[in-house]
Number of protein chains: 2
Amino acid sequence: MVCVKITLHFQRKGVIETTMPVNNNVKELRRQLQITQLKMAEDLHITRQTIIAIEKNKYNPSLELALKIADYFHVPFGEVFQLTGEDES
Amino acid sequence: MVCVKITLHFQRKGVIETTMPVNNNVKELRRQLQITQLKMAEDLHITRQTIIAIEKNKYNPSLELALKIADYFHVPFGEVFQLTGEDES
DNA sequence: GCAAAATGTAAACATATCTTTACATTTTGG
DNA sequence: CCAAAATGTAAAGATATGTTTACATTTTGC
């Protein structure tokens with residue numbers, strides 16, 4: 001037996017800027033390394049849209065992607081991602 | 001105008017054990033502190049199901065929850081979550 | 001100042017994360 | 001041993017994350 005769900009979704013609106021509980025320094029770190037969004041996306045095997053969304057705080061990366069990003073920049077995790085209201089200790 | 005999507009979803013089967021690219025030490029750290037799943041869930045304002053799913057590697061926590069969990073245990077992020085094939089340096 | 005490169009917007013689609021509810025099984029302590 | 005506590009399974013619903021495609025706008029370099 002195959003089980004199926006049917007859902008109605010209201011679409012994410014590009015305009016909405018939600019205040020994220022997670023800060024990230026992806027844009028700054030990427031610029032320090034003089035890397036374009038396109039190159040970074042290709043290196044990480046994701047799309048440029050995902051980089052944009054993260055840099056513009058449309059949404060947070062998954063845990064897996066976040067770990068790969070910190071690795072990519074060769075910095076400790078806390079230097080890239082922090083809960084808002086926290087220092088990177 | 002309201003935009004709506006209709007999707008068919010194949011449901012996640014509880015049985016399936018996907019090999020996650022992310023390791024976590026939530027169960028070990030929780031046990032070291034002698035904390036039950038229920039107390040931890042309440043403290044973090046999530047459900048016990050979510051704790052179970054993470055401990056049993058059904059799925060990874062979101063980045064936000066992962067950061068909160070590391071905070072909760074008072075340990076560096078890398079001591080709780082690592083990419084598979086990586087040490088916690 | 002112009003073309004190319006880089007960055008941004010939009011929207012639909014696909015999948016992953018998290019909740020809720022309801023039981024079932026295992027572990028713990030008296 | 002037995003009840004209570006802790007842990008586990010299951011499944012459907014809701015929302016967040018990530019991809020794809022197609023353009024629009026801004027920045028860079030010559």
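Chain identifiers are assigned alphabetically (A, B, ...) following the order of the sequence lines, protein sequences preceding nucleic acid strands; residue numbering begins at 1 within each chain. Quick caveat, the model's predicted, so the values are computed rather than measured. Heavy atoms only: backbone and side chains are in, while hydrogens, waters and symmetry mates are out.
- The CD1-P distance, from B:Ile46 to D:dT15, rounds to 18 Å in whole Å.
- Put simply, CZ on A:Arg30 is 17 Å from P on C:dA5, counting in whole angstrom units.
- With contacts defined as side-chain heavy-atom distances shorter than 4.5 Å, the pair A:Ser62/B:Leu63 does not qualify.
- To the nearest angstrom, C1' of C:dT15 lies 18 Å from NZ of B:Lys58.
- In this structure, B:Lys68 atom NZ and C:dT17 atom C1' are separated by 14 Å, rounded to whole Å.
- A donor and an acceptor atom, one from each side chain of A:Gln82 and A:Asn25, are located under 3.5 Å apart.
- Placement of A:Val26 and A:Ile52 in two distinct hydrophobic clusters is found when ILVMFWY residues are connected by side-chain heavy-atom separations under 4.5 Å, directly or transitively.
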Base versus backbone protein contacts along nucleotides 20-30 of chain D [heavy-atom cut-off under 4.0 Å; B, S, -]: BBB--------
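- Regarding contacts with the backbone of D:dG18, a side-chain N or O of A:Ser62 is found under 4.0 angstrom from either OP1 or OP2.
- Between the OH atom of A:Tyr59 and the P atom of D:dT17 there is a distance of 8 Å, given to the nearest Å.
- Residues of residues 33-44 of chain A that place a heavy atom closer than 4.0 Å to DNA chain C, in numerical order, are A:Thr36, A:Gln37.
- Of the residues A:Arg31, A:Gln37, A:Lys27, the one that meets the side chain to side chain donor-acceptor pair (under 3.5 Å) test with A:Glu55 is A:Gln37.
- Using a 4.5 Å heavy-atom threshold, the side chains of B:Pro61 and B:Phe81 count as touching.
- A heavy-atom distance below 4.5 Å is not found between the side chains of A:Leu29 and A:Leu33.
- Across the protein-nucleic acid pair, A:Glu55 atom CD and C:dG8 atom C1' stand 11 Å apart, rounded to whole Å.
- Checking the phosphate oxygens (OP1, OP2) of D:dG8, a side-chain nitrogen or oxygen of B:Lys27 falls inside 4.0 Å.
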Could you go through A:Thr50 and A:Tyr59, starting from their C-alpha distance and side-chain angles, then the distance that decides it, and tell me whether this counts as side chain to side chain contact (heavy atoms under 4.5 Å, CB included)? CA-CA 9 Å; A:Thr50 300; A:Tyr59 51 72; 4.2 Å; yes
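- B:Leu65 has its side chain within reach of B:Ile54: a pair of non-hydrogen atoms, C-beta onward, lies under 4.5 Å apart.
- Residue A:Leu63 contributes atom CG, which lies 9 Å from atom P of C:dC18 at whole-angstrom precision.
- Taking atom CZ of residue A:Arg31 and atom P of nucleotide C:dA5, one finds them 18 Å apart after rounding to whole Å.
- The backbone N or O of A:Ala41 lies less than 3.5 Å from no partner atom in the side chain of A:Arg48, so there is not a single donor-acceptor pair.
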Residue pair A:Thr84, A:Val22: steps toward the side chain to side chain contact (heavy atoms under 4.5 Å, CB included) verdict: CA-CA 5 Å; A:Thr84 61; A:Val22 179; 5.8 Å; no
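- Residues B:Ile52 and A:Leu65 each lie close to DNA chain D; by heavy-atom proximity, the contact nearer the 5' end of the strand is made by B:Ile52.
- Under the 4.5 Å side-chain contact rule for hydrophobic residues, B:Phe73 and B:Leu38 do not share a cluster.
- Summary of helix geometry: the two end axes of the helix from C:dG1-D:dC30 to C:dG30-D:dC1, each defined by five base pairs via their C1' atoms, are inclined to each other by 70° (rounded to 10°).
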